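Written out below as C-alpha cells is the structure these notes cover.
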Amino acid sequence: MTNLRTFPKYIFVTGGVCSSLGKGIASASIGALLKASGYKIFVQKLDPYLNIDPGTMSPSQHGEVYVTDDGAETDLDIGHYERFIDVSLSKDSTVTTGKIYTEVLTKERRGDFLGGTIQIIPHITDAIKERIQQAAKKSKCDIMIIEIGGTIGDIEGEPFIEAMRQFRNELGSKNVLSMHMTLLPYLKAAKELKTKPTQLSVRELKRQGIQPDFILARADYKIPQALLDKISLFCGVEKRFVIPVTTSNSIYEVPVKFYEHRITELIAEKMQLQNLQTNIEEWEKLLQKINASDQELSIGLVGKYMRLEDSYISIIEALKSACYACGCKLNIVWINAERLESQTSNEWEKIKKIKAIIVPGGFGNRGIEGKVLAAKYARIHNIPYLGICLGAQILAIEYARYILNNPQLTSEEFDEYSDSENHVIHFLPGQSNKKSKGGTLRVGSYPCNILRKSIAYESYNQDIVHERHRHRYEFNNYFRNQLSGLIFSGIYERQDLVEIMEIKNHPFMVGCQFHPEFKSRPHKPHPLFFQFIKIACMDKNKNATTF
Ligand code: GLN
C-alpha cells in the first residue's frame, strides 16, 4: 500500500526553540508555492491547547480569532493560509486538544470502547490521525500541510508529535514529510548567530521519534553558509535541506525566497512528485507593487488591544493589500479608544493627522464612548470611516444619538439592564437564551443583498455578496425608519437584518456588520477596503484641524 500510494501527501511543520517564529507564514508560503505548481492544497492547524477553539480567548493573549466560511472560529494562522494560498478553508482546518478529548470522551460515555481502557496511545493519537485523514479526504487535496502549534518540548504537544510519528511510519517518508523550523538567536556581545538551540531542538524531536527532512532556520540576520553546514552536520539533515529563513521586510517575500532556495524542487525530490514546475509570477508582481508603493497613508485604528498587531492582523493585511493596489504605503496610527474619552488626551492630536479612521470589531464596553467620539469626528469632518462589526454598531449608535438627540441610545451589549427602547443595537429576539460565551455567536458566511446607488454597490459592483460574521448583536429594526440620512445598503433578506449602513452625503462613512477583512487577499484586496483606501488617498491633502 505504502509504495503504491501517490496522493494525498502530507507535510508536517513543527517549531522549535520558541514560539512566534513564523511557522504559520512558512506553512502558508509552502502551500502557496505548491498551489503555484498545480497541486490542490489543504491546510490544517493542530493546536495543543485545551480550549475547544480560540473563540473564547482574548485577542491580546492569542491574537485575532479568524472565521471561515463554515463558521469555524480559528487561530489566526488559518488567515495566513487562506491569504497566501487563496483557498477557502473550513472547520476541518482547526483541531485542538480540547476537540480531540471531547470526541474521545463522548465516545467513551456512549460505550464505543466498552471494556477498554482509554489511553493517549492509541485512542487520542488515533483520533488525531483520523482528523488529518478525514480532512484530506473531504477536501480532496493532493497535498495537505499540517502545522503543529507550540514548540517541541511542550508537554501538551507530545500526543500530536506521537501521532505524526505513527502517521509517517504507517504511510512512509515519501508520503509524509517533516519540516522543523527553529531560531538562530543573535548574540550582540559575540556578534554571531548561534546554532545550539537548533541542535537541541532537533535532538528533542528525534527523541520523540522524528528525523526532520527539512530544517527551516529562522534568523534576524543573514546566516553564513558555515552555520548552515554546521546545522546539517549536527542534525543529520543534508545541507540542501537546511533552508535559511531570514526576517523579511514583508511577509509576502517569503514564498519568493523559498522558491529561490528551490524548496519546491526539494519537496518534489523527497516526495517523488513528477515534473514539478512552479509559476511564481503572481508573487513577483505583488512584490513589485509593494516596493513601488512609497507614498505613506496614515490610517487611524481605534481599538482597545493597542500595538498588538496580531489582535487585528486580518484588518491590517486587508488595509495593506488595498494600499498596494492604490500605490501607497500603509502607516497605521494606533489610537487608544479609552483615552479618546478625555478631550485633552494626546490621542486627539493623532486623530487630527490621519487621513481615515477604521474602527474594528470587539467585545465588551471598554473604550466604547471613545469609539463613538471617533465616529462623530469622522462624520463631522468628512473623514473616511470604515466600521467593522462593533465599528458598524458604533456608527449606528453615534448617528442615532445625533439625529434623535438622545445620548442614552446604545447597544444592549453595554447596557443589558436598561430600557430596551434605548437599544439601537440589540440581541436578536429569539436568541435570548443563548448568552453563554463559547460557540453561541452568529458566525460564518451569510448572503447580503446590496442596494444599488450606494457606496456599498459602488465598491462591490454586485447585487449579492457573501461575507463572514462573528457577533451576537444586530441593528434594531425598530430604528430603521427613524434615522434619516442613514442608508441601509446591505441586507440579509432571510431575516431582514441590516448588514451594511452608510451615511448619506459623506465621502465614505460605512459600517458593515460582517468582517470583510477575512476575505481580502494580498493579490485581490477586498472591495470595501479598496474603496475606503481609494477615497482616503483622494483626500490626501486634506488635514482636519477643528473639532
Ligand atoms: N460585540 C459585538 C457583538 O457581539 C460586535 C462583535 C464584533 O465586533 N466581532 O455583536
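Please read all numbers here as calculations on a predicted model, not as lab measurements. Indexing begins at 1, ligand by ligand and atom by atom, following the structure's order.
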Response to the item:
Sequence neighbours excluded, the answer for side-chain contact (heavy atoms from CB on, under 4.5 Å) partners of R480 is F475, N477, F488, I491, D496, V498

Specify whether [X] and [Y] have parallel, tilted or perpendicular ring planes, treating 30° as the upper limit for parallel and 60° as the lower limit for perpendicular.
X: H62; Y: Y49; result: perpendicular
X: H381; Y: Y377; result: tilted
X: F84; Y: H80; result: perpendicular

Worksheet entry | Close aromatic pair by centroid cut-off 6.0 Å: H526 and Y460 | yes

Discussion item. Centroid separation under 6.0 Å, is that true for the rings of Y66 and F518?
Written reply: yes

Discussion item. Just to be sure I understand the cut-off, which residues have at least one non-hydrogen atom under 4.0 angstrom from an atom of ligand 1?
Written reply: G361, G362, F363, C389, L390, Q393, E413, R470, H471, R472, Y473, H515

